[in-house]
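Numbers here are sequence positions counted from 1. Note that ligands are numbered from 1 as they come in the structure, with each ligand's atoms numbered from 1 the same way.
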Amino acid sequence: MTKPTILTGIRANSDLTIGNYFGAMLPMIDMAKSRSDECQVNLFIPDLHSFTTPIDHTKLYEQIIHNARVFAAAGLPLDNDNIHIYRQSYITAHSELTWILDCFTGFGEMGRMTQFKDKSSSVGDDRTSVGLFNYPVLMAADILLYNASYVPVGDDQTQHLEFTRDIAERMNARFGELFTVPESVPKQHEFFGKDQGLRIKDLANPNKKMSKSDDSGKGVIFLGDTPGEAVKKIMSATTDDKAEIHFDPANQPGISNLLQILALLRGQQLEETTGEFEGESRYGDFKKVVADEVERFLTDFQAQLTATDDAVILKKLGTSEQAMNEIANETLLRVQRAVGLRPKAE
Ligand code: ATP
Ligand code: MG
């Protein structure tokens, strides 16, 4: 029996944040390490997804390679043959399958995607790209090409995973068994366990999550920030006027967020960190503790990043991409035959 495939990726549109690092990258790497015996693990850099919203294209290629370096610096074992890391655009079947799936996807179906509604509402119709509208279909292709069963998704992506299951079932019902239908969202949660809900908040506005594409970046700690910059952002983080530290996200979102960040940086259980500061009144002193920890984390991480070797990384990307092209092209051919673009199999 072939091993089940786990698939996941992080969009390479800008430098990653500590939210991406602790909320996605570290759990992803832990998962890859712990599951690679029983599963094939596909980690991909969704470079085609990078410009569904405007970006600086002169920086994109470097950003893609940089993200691969970040994976390596964060501890991804590049010498494990069951773990693949690849660039989406190097496997052209993604674009081809997307077009085919597009023609079986309803306009209304895409229009109902809440992420599209959120991201498009602020810019107006003419500045909203068709790519943004269409990107859940590309995401479906990303998953279905590799017969992936398990795709860890945050809340912002569950609707897209449901769509992937729908389009796979629709195509299978019409054309026979073309695709492996990924597991349902509850089954995904069961398989991956906890940690799916972690959300680091923006330091300047702790009522929203920290996001790498945030316009001002004032409340965002990027992995590429100098430790000094990051310290400043922590020290000027928005808190409250209660003058008492409690982990209470509803009433003290800023303080609670800093407690959460500190626990992650120290690798502690949240309760342990919270217990240490509970009831204290000097926010400045507390912020200083968090700032020192952020400074140490970034200094260490950036040293590991500098130590990564591009030749090793490019070799790994190349090997994975070759293997992935084989799998993806097999799926694509099955679909092309089913829809009549290629002669039926003998
Ligand atoms: P963008 O602004 O481009 O949407 P983002 O920071 O929200 O950027 P995504 O590319 O949407 O990042 O998500 C990458 C991964 O990081 C996802 O698994 C997502 O759940 C996770 N993630 C994003 N932001 C946070 C956060 N603030 N805390 C924890 N995890 C996060
Ligand atoms: Mg996001």
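- For the pair D310 and R69, the salt-bridge criterion is met [side-chain N within less than 4.0 Å of a carboxylate O].
- A heavy-atom separation below 4.0 Å is found between K119 and ligand 1.
- Look at D292 and K288 and you find a salt bridge, because one of the NZ, NE, NH1 or NH2 atoms lies within 4.0 Å of a carboxylate O, short of that distance.
- In this structure, R35 is positioned above the aromatic face of F191, its NZ or CZ under 6.0 Å from the six-membered ring centre and within 45° of the axis.
- Separation of the F175 and F104 ring centroids falls under the 6.0 Å cut-off.
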Checklist line | Step-by-step side-chain contact (heavy atoms from CB on, under 4.5 Å) determination, E190 to E183 | finding: CA-CA 10 Å; E190 211 173 283; E183 297 291 349; over 6 Å; no
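- A salt bridge is absent between D37 and K3: the closest approach of a Lys/Arg side-chain nitrogen to an acidic carboxylate oxygen does not fall below 4.0 angstrom.
- Atoms of ligand 1 found under 4.0 Å from any heavy atom of S213 (numbered from 1 in listed order, with element): 1 (P), 2 (O), 3 (O).
- Checking only distances, D214 never comes within under 3.5 Å of ligand 1, N or O to N or O.
- The ring of H160 has its center closer than 6.0 angstrom to the ring center of Y135.
- Any N or O atom pair closer than 3.5 Å counts here, and A24 shares no such pair with ligand 1.
- Ligand 1 is never approached by T17 to a heavy-atom distance shorter than 4.0 Å.
- Where the criterion is an N or O separation shorter than 3.5 Å, residue side chain and backbone included, N20 meets it with respect to ligand 1.
- Scanning K201, K212, M210, K209 for the heavy atom closest to atom 10 (O) of ligand 1 points to K212.
- Near L198, meaning under 4.0 Å from one of its heavy atoms, ligand 1 places the atoms 28 (N), 29 (C), 30 (N).
- Selection from H49, R199, Q157, K208 by nearest heavy atom to atom 20 (O) of ligand 1 gives R199.
- Short contacts between ligand 1 and S211, defined as distances under 4.0 Å to a heavy atom of the residue, involve ligand atoms 2 (O), 6 (O), 7 (O).
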